[in-house]
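For the numbers below, each heavy atom of this structure counts, side chains included, while hydrogens, waters and symmetry mates do not. Letters A, B, ... are given to chains in the order of the sequence lines, protein chains preceding strands, and every chain is numbered from 1. Since the structure is predicted, the reported quantities are computational estimates derived from the model, not experimental observations.
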Amino acid sequence: MPEKSYDHKEIELKWYQRWKNADLYKPEENSAKPKYYVLEMLPYPSGALHIGHVRNYSIGDALARYKWMRGFNVLHPMGWDAFGLPAENAAIANRRHPYEWTMSNIRNMKRQHQRMAFSYDWSREIATCEPEYYRWNQWFFLKMLERGLAYRKKALVNWCPECATVLANEQVVDGCCWRHESTPVEMRALDQWFLKITAYADELLEDIAQLEGGWPERVLLMQKNWIGRSEGTEVDFPVEGSGHKIRVFTTRVDTIFGATCVILAPEHPLVAQLIGPELEAPVKAMIDARARKDPGDLEKEGLFTGKYAINPYNGERVPVWIANFILMGYGTGAIMAVPAHDERDFEFCRQYGLEVRPVIRPVGGELADPQTMTAAFTEYGVVERSGQWSGMPSELARQQMTEFAEKNGFGKSAVTYRLKDWGISRQRYWGTPIPVIHCGKCGIVATPEDQLPVILPPHVEITGRGRSPLENVPEFVNVKCPQCGGAARRETDTMDTFVDSSWYFYRYCDPHNDRAPFDPDKVAYWFEIDQYIGGVEHAILHLIYSRFWTKMMRDLGLVKNDEPAKRLFTQGMVIRDGAKMSKSKGNVVSADEMIERFGADTGRLFELFAAPPEKDMDWTDAGANGAHAFLGRVYRFVTRNVDRMSGGDGAGPTDADRKALRKLHQTLKKITEDFETRWHFNTSIAALMELMNELTSIEKDLTPASIPEVLEKLVLMLEPFAPYVVEEMWEQMGRTGPVFRQPWPEYDPELAKEDAAEIPVQVNGKLRARILIAFGSAEADVLRLALSDSKVQPYIDGKQVIKTIYVPDRLVNIVVK
RNA sequence: GCCCGGGUGGCGAAACAGGCAGACGCAACGGACUUAAAAUCCGUUGACCCGCAAGGGUCGUGCGGGUUCGACCCCCGCCCCGGGCACCA
């Protein structure tokens with residue numbers, strides 16, 4: 001048969017059409033097979049924006065396909081269409097997605113809300129435009145409200161002027177909005193809804209141990225740092241001549257005899273009561289300066305209140321200051337400054353000429369001289385000049401001094417976290433409405449469950465300014481109070497879209513349930529997720545929220561697992577021209593263009609081939625072209641050899657056949673091992689290329705003794721990397737697909753074995769010759785051969801052989817003197 | 001400043017257990033086919049040196065040491081790049 005040219009458009013369209021209505025990816029109900037749940041982190045099935053997104057699928061989809069072929073019952077919501085044809089995206093999306101959203105729906109909303117385009121995010125958009133999904137977000141919200149896990153309070157929150165909305169702490173990067181990298185976030189005091197993620201702070205931290213080994217170390221580390229648990233002591237310093245007490249938090253109560261002042265954050269509630277009118281303006285200026293969050297290092301700045309506080313341990317009178325480096329959001333918003341033993345306090349006190357008083361000496365050393373000290377001594381040591389605790393090691397003093405405070409009622413041991421409650425209020429149109437009603441008489445009233453979902457009104461004008469756009473929609477806002485029936489106002493804040501992504505993967509297990517978010521039994525079968533795949537940028541966003549959500553659902557009795565995903569794989573970014581691909585840099589390669597030019601198969605293949613998946617990869621059009629050429633070579637090889645699969649003269653296998661089968665089984669071994677261990681698909685694909693190079697070089701000597709097996713296994717091995725073209729070749733070979741439902745081929749170790757090896761001979765570690773030996777030769781035979789080799793001779797002639805090393809079938813090294 | 005990664009040809013990379021450094025691909029160059037181009041196919045390609053040639057030699061995995069018969073790999077000390085955290089008391 002003459003070879004066929006590789007027309008990716010024709011092939012991909014054909015197979016897409018052929019199977020678009022078949023439910024190929026549905027896992028089997030009540031299957032006895034081992035289950036496997038693999039999921040990519042961006043939960044939209046198609047229409048990838050750029051090839052950076054495609055990479056995510058290429059990896060997860062290759063793995064899912066391999067697992068299918070290996071006989072697992074796989075839940076993989078992306079499936080075949082993860083990377084579909086551009087013209088057909090809408091149809092694919094419509095069919096595949098469990099929430100049955102429609103692409104046109106999204107497009108319309110997008111057009112209608114051009115002004116909101118900046119907050120556009122595919123993964124969450126899917127969920128947020130879907131009323132059924134609102135319903136369960138709202139349902140969860142009400143459950144949390146009942147349990148005190150959702151609450152409303154006035155708080156200083158991050159405000160992005162560009163988005164015109166509040167942001168969670170996790171969504172502020174370098175003082176700027178995570179979507180607008182050059183827009184500094186402002187601080188505003190607003191009434192906001194929070195979810196009490198801090199109730200799970202300890203558990204989120206402790207359960208990191210369960211994830212070790214399965215999650216990348218750096219993600220766990222980032223989460224640990226983010227949670228930022230620290231154990232310490234709270235101590236009250238009464239303010240002289242007033243009834244007020246300043247409560248400070250310290251992890252080093254053992255240094256308290258060295259405290260030479262107390263410092264408040266400028267936002268601290270006591271400040272207003274302590275300062276005179278002459279300080280009001282400077283304090284306000286300090287707050288404003290910090291709210292602007294200059295990205296550069298803020299110079300330490302302090303204001304003396306004129307008041308003094310009493311150190312309860314020694315009765316000493318210390319001045320009370322206000323300073324810009326004290327954070328209201330951490331600890332109690334007030335500290336005791338111990339300049340001798342804390343870097344920041346040292347810098348501050350030297351700047352303002354406050355006393356530096358060392359009270360900790362190194363073990364075996366002496367107290368530093370405060371006159372000549374140039375840096376604080378921050379380590380543990382031995383406590384001195386500290387009354388009854390003098391001479392005690394720091395650790396012990398910390399413990400006993402804390403107990404002393406508790407006994408005398410002026411302090412206690414305390415744990416603080418860097419982690420804050422999750423602010424979920426957004427002044428956006430886009431998102432799940434928060435299902436509560438504000439009543440003048442009854443206060444905050446939950447929307448009754450049978451009135452869910454609260455749906456967004458259509459035709460809302462997006463002003464991009466001030467408060468939620470929903471406030472301008474009277475028919476949405478004006479409601480009757482469900483309790484007293486009086487006039488009331490509906491909450492106009494919507495939920496952070498990270499709420500949606502916190503549990504979407506549970507819904508995949510039971511997407512059409514209209515009585516509950518999902519059936520716990522169905523979820524119990526699939527969870528935990530065996531393998532989750534996504535970018536590292538979600539380490540302290542989505543990945544911490546979804547852990548919290550899982551624990552919350554477990555406490556509601558909905559799930560049994562403590563953690564959402566056993567294993568997490570973070571793939572590298574796609575780089576182009578040395579820069580991370582992003583909309584703001586304008587260097588994106590659109591997936592649609594790429595599919596048009598090279599095809600979906602080429603896109604996957606090149607993304608997997610260019611670098612190991614955990615590493616960043618460089619996108620080059622030329623490289624993609626190379627991958628495309630390879631698929632063409634395979635396709636032409638198969639099509640011109642299909643009619644040589646049978647017939648022939650019945651003679652036994654030729655040398656070429658034996659060679660081809662050996663290489664075939666070696667390749668299969670290699671790829672199988674790559675899938676089972678480290679997912680270095682770049683070397684798998686390189687092995688396939690080597691196989692093709694070998695096959696084409698001996699092609700004319702191949703006979704039906706090897707061709708059927710070679711073609712079959714070649715196609716099966718390529719399946720995870722190029723699923724469309726593989727279906728076409730399978731059909732050309734007279735077989736019926738889908739190919740990924742075929743079993744993964746087993747390799748034969750005997751066939752894969754080489755019978756002879758060319759091994760290097762070294763003299764004193766330097767390569768001098770290569771000799772040909774039979775595999776498994778006896779050491780003595782190999783050494784005899786090596787020592788008598790004509791190229792080795794000159795180097796050992798007249799010298800004494802001290803030692804010989806033989807690594808079986810690998811190398812000979814002769815040591816001479 | 002602290003904590004993670006990483007540094008190998010012109011480029012992306014490979015070397016999985018301390019055992020032939022540079023597999024596989026891109027780019028480049030030479031050739032075949034073609035009116036031409038594209039596509040395709042064949043060949044060369046780490047650097048330097050010797051040789052007309054066949055061939056041979058030296059160097060080479062960021063830098064400097066060490067361990068070892070043997071080091072991209074292990075140890076010690078640096079340099080550089082990327083990422084995360086950073087007044088967290």
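- With contacts defined as side-chain heavy-atom distances shorter than 4.5 Å, the pair A/I360/A/H341 qualifies.
- Rounded to the nearest Å, the gap between the C1' atom of B/C69 and that of B/C81 is 36 Å.
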List the steps, then state whether side-chain hydrogen bond (donor to acceptor under 3.5 Å, both in side chains) holds for A/Y417 with A/T198. CA-CA 8 Å; A/Y417 299 91; A/T198 53; over 6 Å; no
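- Taking atom P in both B/A47 and B/C11, one finds a spacing of 12 Å when rounded to whole Å.
- Residues from residues 623-635 of chain A lying near RNA chain B, meaning a heavy-atom separation below 4.0 Å, are A/G626, A/A629, A/R633 in numerical order.
- Listed by first then second residue, pairs satisfying salt bridge (Lys or Arg N to Asp or Glu O under 4.0 Å) with a partner in residues 329-341 of chain A number zero, not counting sequence neighbours.
- Ion pairing between a basic and an acidic side chain is recognised when a charged N comes within 4.0 Å of a carboxylate O; A/D755 and A/R662 show such pairing.
- Distances shorter than 4.0 Å separate none of the side-chain N or O atoms of A/N682 from OP1 or OP2 on B/C24.
- Nucleotides B/C26 and B/A17 are separated by 29 Å at their P atoms, to the nearest Å.
- Between A/T804 and A/N813, the closest side-chain pair of non-hydrogen atoms is not below 4.5 Å.
- For the residue pair A/R252 / A/Y380, no side-chain donor-acceptor distance below 3.5 Å is found, with atom types taken as modelled.
- At the heavy-atom level, A/L221 lies under 4.0 Å from the strands shown only through sugar-phosphate atoms.
- Of the candidates B/C87, B/A14, B/G83, the closest approach to any side-chain atom of A/F325 belongs to B/C87.
- Here the nucleotide nearest the side chain of A/R678, chosen from B/A15, B/A13, B/A89, is B/A15.
- A/E699 and A/N641 share a donor-acceptor pair across their side chains, judged by distance under 3.5 Å alone.
- Regarding A/Q800, its CD atom lies at a distance of 15 Å from the C1' atom of B/C69, rounded to whole Å.
- Residues passing the ring pair (Phe, Tyr, Trp, His ring centres under 6.0 Å) test with A/F569, sequence neighbours excluded: A/W679.
- Partners of A/W422 under the ring pair (Phe, Tyr, Trp, His ring centres under 6.0 Å) rule, at least two apart in sequence or in another chain, are A/Y545.
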Contacts under 3.5 Å, N or O only, protein and nucleotides 5-12 of chain B:
unit_1: B/G12; atom_1: O2'; unit_2: A/A610; atom_2: O; d: 2.7

Could you pull out the protein-nucleic contacts involving nucleotides 71-74 of chain B (nitrogen or oxygen on both sides, under 3.5 Å)?
none

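- Note on A/T250: only backbone sugar-phosphate atoms sit closer than 4.0 angstrom, heavy atoms only; bases stay farther off.
- Across the C1' atoms, B/A89 and B/G12 are found 47 Å apart, a figure rounded to whole Å.
- Base engagement by A/K300 is indicated by at least one non-hydrogen atom pair under 4.0 Å involving a base atom.
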Review item, nucleotides 43-48 of chain B N/O atoms under 3.5 Å of protein N/O:
none

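- Rounded to a whole angstrom, the distance from the C1' atom of B/G46 to that of B/A28 is 15 Å.
- When Watson-Crick and G-U wobble pairs are counted only if both distances are under 3.5 Å, B/C87 pairs with no nucleotide at all.
- Between A/E343 atom CD and B/G1 atom P there is a gap of 13 Å when expressed in whole angstrom units.
- A/I814 comes within contact range of no nucleotide atom at all, as no heavy-atom separation falls under 4.0 Å.
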Applying side chain to side chain contact (heavy atoms under 4.5 Å, CB included), run through A/L664 and A/M717 and close with a yes or a no. CA-CA 10 Å; A/L664 183 75; A/M717 282 192 284; 3.9 Å; yes
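- Atom CD in A/Q762 sits roughly 17 Å away from atom P in B/U68 (whole-Å rounding).
- Looking at heavy atoms from C-beta onward, A/Q800 lies out of side-chain contact with A/V816 at the 4.5 angstrom threshold.
- For the pair A/E217 CD and B/C3 P, the interatomic distance rounds to 15 Å; values are reported in whole Å.
- Positionally, the nearest nucleotide of RNA chain B for A/K670 lies more toward the 5' end than for the other of A/K670 and A/G333.
- With hydrogens and angles left out, the side-chain atoms of A/T233 and A/T402 include a donor and acceptor closer than 3.5 Å.
- Closest to the side chain of A/R418, out of B/C87, B/A86, B/A89, is B/A86.
- The pair A/R247-A/D236 counts as a salt bridge, with a side-chain nitrogen and a carboxylate oxygen less than 4.0 angstrom apart.
- Straight-line distance between the P atoms of B/C16 and B/G10: roughly 23 Å, to the nearest whole Å.
- One interatomic measurement links the two molecules: CD of A/Q223 to C1' of B/C85, which rounds to 14 Å at whole-angstrom precision.
- The separation between A/L605 atom CG and B/C26 atom P is 12 Å, rounded to whole Å.
- Counting to the nearest Å, the P atom of B/G19 and the CZ atom of A/R810 are 7 Å from each other.
- Between the side chains of A/E754 and A/Q666, at least one donor-acceptor pair of N or O atoms lies under 3.5 Å.
- Pairs engaging residues 211-229 of chain A under the salt bridge (Lys or Arg N to Asp or Glu O under 4.0 Å) rule: A/D202-A/R229, A/E212-A/K224, A/R229-A/E231 [sequence neighbours left out].
- Atom pair A/L608:CG and B/G25:P shows a separation of 17 Å (rounding to whole Å applied).
- At a threshold of 4.0 angstrom between heavy atoms, the contacts of A/N693 are confined to the sugar-phosphate backbone, with no base atom among them.
- Nucleotides B/A38 and B/C49, compared at atom C1', are 42 Å apart to the nearest Å.
- Taking the C1' atoms as reference points, B/C50 lies 32 Å from B/A14, given to the whole Å.
- Taking side-chain N and O atoms only, A/T804 has no distance below 4.0 Å to OP1 or OP2 of B/C69.
- The partner of B/U68, taking Watson-Crick or G-U wobble pairs whose two distances both stay under 3.5 Å, does not exist in any strand shown.
- The stretch residues 619-632 of chain A participates, sequence neighbours left out, in these salt bridge (Lys or Arg N to Asp or Glu O under 4.0 Å) pairs: A/R576-A/D621, A/R597-A/D621.
- Using modelled atom types, one finds a donor on one side chain and an acceptor on the other under 3.5 Å when comparing A/E676 with A/Y66.
- For A/K669, no side-chain nitrogen or oxygen approaches OP1 or OP2 of B/C16 to under 4.0 Å.
- Every residue two or more places apart in sequence or in another chain that forms a ring pair (Phe, Tyr, Trp, His ring centres under 6.0 Å) with A/H8 is listed here: A/H628.
- Within the structure, the side chain to side chain donor-acceptor pair (under 3.5 Å) test picks out the following pairs touching residues 684-695 of chain A (sequence neighbours left out): A/K663-A/E690, A/D674-A/S684.
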Polar pairs (N or O, both sides) under 3.5 Å between protein and nucleotides 53-57 of chain B?
unit_1: B/G57; atom_1: OP1; unit_2: A/Y795; atom_2: OH; d: 3.2

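- A/E673 comes within contact range of no nucleotide atom at all, as no heavy-atom separation falls under 4.0 Å.
- Each of A/M689 and A/N764 has a nearest nucleotide on RNA chain B; the 5'-most of these lies closest to A/M689.
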